[in-house]
Amino acid sequence: MILRISVLVAAVAMGLAAAASAEPYDKCGTYAHGLDGCVLFQPDDASGNVLAGAVPSPFQIGDHVRLRGDRQGCVSFCFVDCVQSPVVTVCGPTCAADFDGNGTLNTADLFAFLAAWFAGNLSADFDHSGALAVTDIFGFIGAWFDGC
């Protein structure tokens, strides 16, 4: 019991220290089960697992998907960073303007991008600068009009 409490205190301390900074996360990988029921995302580039939360429908453990969102420290028994505000799509040939990743470029992509940008989700960091700016909107709209 005391060990479990010590582990929790250490996890909280690590999570609070890391939670202040977020970075954009956009990788293909596979969902897997981790310790204590954690659902982990294992990126193809072996850069380290992240906590993915629950696997969104229609995906399941073992599926190869693309995970985008804001990577930052979090408090969990899994001892890995979390991806906040995750956007999960099929991983395949990418079209930068196909924001929802369904393979079709339409107005839903435009609205999904704008919703992510206004929510402050770094998955909308279109120019990969590490911060959201108006240039991300212009870049995305230009790519959207150019098509895939």
Side-chain angles (χ1 to χ4, degrees), residues 8 10-148:
L8 178 60
V12 169
M14 287 180 356
L16 291 176
S21 61
E23 61 185 49
Y25 190 86
D26 185 352
K27 297 185 182 208
C28 288
T30 306
Y31 279 118
H33 286 294
L35 299 174
D36 287 331
C38 296
V39 175
L40 299 177
F41 180 78
Q42 300 172 329
D44 293 341
D45 65 6
S47 60
N49 297 340
V50 293
L51 184 63
V55 179
S57 181
F59 303 108
Q60 56 189 343
I61 297 295
D63 282 351
H64 189 252
V65 297
R66 179 179 180 196
L67 177 64
R68 292 182 290 167
D70 298 339
R71 180 181 181 160
Q72 62 186 47
C74 62
V75 178
S76 77
F77 285 109
C78 300
F79 300 105
V80 295
D81 287 347
C82 293
V83 173
Q84 304 292 329
S85 305
V87 175
V88 180
T89 58
V90 174
C91 193
T94 58
C95 168
D98 182 15
F99 193 77
D100 62 13
N102 67 0
T104 304
L105 187 61
N106 56 29
T107 56
D109 296 300
L110 183 60
F111 290 121
F113 173 81
L114 291 173
W117 192 88
F118 282 112
N121 186 331
L122 287 176
S123 67
D125 179 17
F126 194 75
D127 61 8
H128 305 289
S129 67
L132 296 179
V134 175
T135 56
D136 296 308
I137 294 174
F138 291 132
F140 178 81
I141 290 173
W144 189 78
F145 279 114
D146 287 344
C148 295

For this session: Output, in order, the C-alpha distance, side-chain angles, deciding distance and verdict of side-chain contact (heavy atoms from CB on, under 4.5 Å) for Gln72 and Gln84.
Result: CA-CA 7 Å; Gln72 62 186 47; Gln84 304 292 329; 3.7 Å; yes
For this session: For His64, look at atom NE2 and say whether over 12 heavy atoms of other residues, nucleotides or ligands are found less than 6.0 Å away.
Result: yes
Exercise. So, for Val55 and Val39, which heavy atoms are closest and what is the spacing to 0.1 Å?
Worked result: CG2-CG1, 3.5 Å
Exercise. Distance from Leu132 atom CG to Phe126 atom CZ, nearest 0.5 Å?
Worked result: 13.0 Å
For this session: Could you check Thr30 against Ile61 for side-chain contact (heavy atoms from CB on, under 4.5 Å), going step by step and ending with a plain yes or no?
Result: CA-CA 8 Å; Thr30 306; Ile61 297 295; over 6 Å; no
For this session: Applying side-chain hydrogen bond (donor to acceptor under 3.5 Å, both in side chains), run through Ser85 and Asp70 and close with a yes or a no.
Result: CA-CA 7 Å; Ser85 305; Asp70 298 339; 4.9 Å; no
Problem set entry | Gap between atom CG of Asp100 and atom CG of Leu110 - 0.5 Å precision | 11.0 Å
Exercise. Which heavy atom of Leu51 sits nearest a heavy atom of Cys38, and at what distance?
Worked result: CD1-CB, 3.9 Å
Exercise. If every non-hydrogen atom of Ala133 is compared with every non-hydrogen atom of Trp117, which pair is closest and at what distance?
Worked result: O-NE1, 3.1 Å
For this session: With rounding to the nearest 0.5 Å, note down the distance linking CG in Leu122 to CG in Asp136.
Result: 9.0 Å
Problem set entry | Residue pair Cys91 / Val65: nearest heavy atoms and the distance that separates them | CB-C, 3.5 Å
Exercise. What is the distance from atom CG of Asp63 to atom OH of Tyr31, rounded to the nearest 0.5 Å?
Worked result: 9.0 Å
Problem set entry | Distance in Å, Arg71 CZ paired with Asp81 CG, rounded so as to fall on 0.5 Å steps | 4.5 Å
Problem set entry | Lys27 and Asp44 ion-paired at < 4.0 Å | no
Seminar exercise, completed: Those residues at least two apart in sequence (or on a different chain) that pass side-chain contact (heavy atoms from CB on, under 4.5 Å) with Ala115 are none
Exercise. So do Trp144 and Thr107 actually touch side chain to side chain, heavy atoms under 4.5 Å?
Worked result: yes
Exercise. Minimum heavy-atom separation for Asp125 to Gly130, with atom names?
Worked result: OD2-N, 2.6 Å
For this session: Could you tell me which non-hydrogen atom of Ala97 sits nearest to which non-hydrogen atom of Asp109, and how far apart they are?
Result: O-CB, 3.4 Å
Exercise. If we only count heavy atoms from C-beta on, is the Leu67 to Thr89 side-chain gap below 4.5 Å?
Worked result: no
Exercise. Rounded to the nearest 0.5 Å, how far apart are CZ of Phe41 and SG of Cys82?
Worked result: 14.0 Å
Exercise. Passes side-chain hydrogen bond (donor to acceptor under 3.5 Å, both in side chains), Thr104 versus Asn106? Steps please.
Worked result: CA-CA 6 Å; Thr104 304; Asn106 56 29; 5.3 Å; no
For this session: Give me the ring orientation class for Phe113 and Phe140: parallel if the planes are under 30° apart, tilted from 30 to 60°, perpendicular past 60°.
Result: parallel
